[in-house]
Amino acid sequence: MSAGSSNELAPLTLDSACITELQQALERVESGRGVLVRLADLMGGAVGQAAMLGMRTLGLAPGLQARLQATAETAIRRAFDLAVVGMDRPRDVSATPDDGAGWRDPALKAAVTVSGAVGGFTGLPGLVADVGFTTLTIMREIARIAREQGEDLSQEDARAACLEVFALRAFPFGAAKGQGQGEDNELGYFSARAMLRGRPVVMLVSEVATHYGLGLSRKFALQMMPVAGALCGASLNVAFLSHYRAVAQAHFTIRRLEREYGPEVRRTAMDLKTHAAAQVRES
């Protein structure tokens, strides 16, 4: 639904610009498909097919899975402590624009690409170093986006919200054709946040590491494919960075709107999803 059709909904407290922002954020969460699927899209051809096959069939020994889980938890914890250094105050959006915006994206992608390629060449020891560097880079980007959206990273709630980005997955916006989706699925983003809210940081790190560690296990399995390992590692790192950055942008946009409009944001999201589902049924 476009912003111009918002007058078809019940009267809302949010103005049309904020409704558009909310809709775009929800759609961005929806489009944040798993990084492993995005890898196959990025690589295409025979290697892409091998990557898809690897997602379905490659398994890891329990001991190795446990080690990767521990690696994920350590990387998340260290990144959580380091990422907000120098970012503990909200950014003044009226101040001079960030001069680094133009070079930041290509520089970060180049850095995680090199890290992933090296990790792919060197096996498990290289993966551990790669995971530490890439996780810190991603967390730093999440913290930067949070600050740009007005978060005060000196507050525990705002810092915990950075961790939540790693635990959020893609949720459907409205109901797709041929799929019966109830309210829980339609508002899965809000439900997931409610489940994470209020947990101590130690428990939240453990929860996040479970989600993140699963991705790392599959990443390692793909990197073990002969010849393609370095390419997989490099491509996956870029996909990880793009995925979590998009989710963070959506997550902190919605949090900013909630600070201004409170529970009305969730009610508006429900109206938007109901309207989108009705349009799908009519088409």
Side-chain angles (χ1 to χ4, degrees), residues 1-34 90 93 142-153 155-177 179-201 203-204 207-208 210-211 243-282:
M1 185 193 72
S2 65
S5 60
S6 60
N7 57 2
E8 298 175 29
L9 302 171
L12 300 172
T13 303
L14 278 69
D15 60 30
S16 60
C18 290
I19 291 174
T20 299
E21 275 195 288
L22 175 61
Q23 181 182 356
Q24 290 173 345
L26 292 170
E27 289 173 345
R28 191 177 292 118
V29 173
E30 177 196 12
S31 65
R33 297 174 300 158
V93 295
I142 291 172
R144 180 187 63 78
I145 291 168
R147 188 174 67 160
E148 286 185 350
Q149 292 295 330
E151 299 282 351
D152 182 355
L153 294 175
Q155 301 298 313
E156 184 175 343
D157 175 68
R159 296 183 67 203
C162 293
L163 278 176
E164 290 174 4
V165 172
F166 284 90
L168 295 172
R169 57 181 176 84
F171 296 101
F173 178 75
K177 291 183 179 180
Q179 295 178 345
Q181 298 172 346
E183 179 178 337
D184 288 343
N185 283 338
E186 290 178 351
L187 293 178
Y189 164 79
F190 292 95
S191 298
R193 281 181 54 193
M195 292 177 62
L196 296 171
R197 187 175 299 123
R199 295 190 182 187
V201 169
M203 292 181 61
L204 188 56
E207 176 73 19
V208 166
T210 298
H211 293 262
H243 169 76
Y244 287 116
R245 192 157 50 184
V247 173
Q249 190 67 52
H251 182 48
F252 289 109
T253 295
I254 293 172
R255 279 176 58 90
R256 172 172 54 78
L257 292 173
E258 286 175 331
R259 288 195 295 274
E260 185 172 353
Y261 294 101
E264 192 63 36
V265 172
R266 194 178 191 278
R267 290 193 289 269
T268 302
M270 173 57 98
D271 285 340
L272 288 167
K273 289 174 181 293
T274 300
H275 185 84
Q279 286 187 323
V280 169
R281 288 193 297 268
E282 293 172 0

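Worth knowing before you read on, the calculation uses all heavy atoms, side chains too, and leaves out hydrogens, waters and symmetry mates.
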Could you report the tightest heavy-atom contact between [X] and [Y], atom names first, then the distance?
X      : Y      : answer
Ala269 : Leu26  : CB-CD1, 3.9 Å
Cys162 : Ala143 : SG-CA, 4.1 Å
Tyr244 : Phe166 : CE2-CA, 3.8 Å
Ala25  : Ala250 : O-CB, 3.2 Å
Ala158 : Glu151 : CB-OE1, 3.5 Å
Arg259 : Gln149 : NH2-O, 2.6 Å

- Message: With salt bridge (charged side-chain N to carboxylate O under 4.0 Å, His left out) as the criterion, how do Glu264 and Arg267 come out once you've worked through the C-alpha distance, each side chain's angles and the decisive distance to 0.1 Å?
- Response: CA-CA 5 Å; Glu264 192 63 36; Arg267 290 193 289 269; 2.8 Å; yes
- Query: Can a salt bridge be assigned to the pair Arg256 and Glu260 using a cut-off of 4.0 Å between side-chain N and carboxylate O?
  - Reply: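 Salt bridge flag = no for Glu260 with Arg256.
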Look up atom [atom1] in [X] and atom [atom2] in [Y], then write down how far apart they are to the nearest 0.5 Å.
X      : Y      : atom1 : atom2 : answer
Tyr189 : Lys273 : OH    : NZ    : 10.5 Å
Glu148 : Thr253 : CD    : OG1   : 10.0 Å
Leu153 : Ile142 : CG    : CD1   : 11.5 Å
Leu14  : Glu21  : CG    : CD    : 9.5 Å
Glu27  : Leu22  : CD    : CG    : 10.0 Å
Leu204 : Arg159 : CG    : CZ    : 11.5 Å

Are [X] and [Y] close enough that some pair of their side-chain heavy atoms sits under 4.5 Å apart?
X      : Y      : answer
Arg266 : Arg193 : no
Leu163 : Arg199 : no
Asp15  : Tyr261 : yes

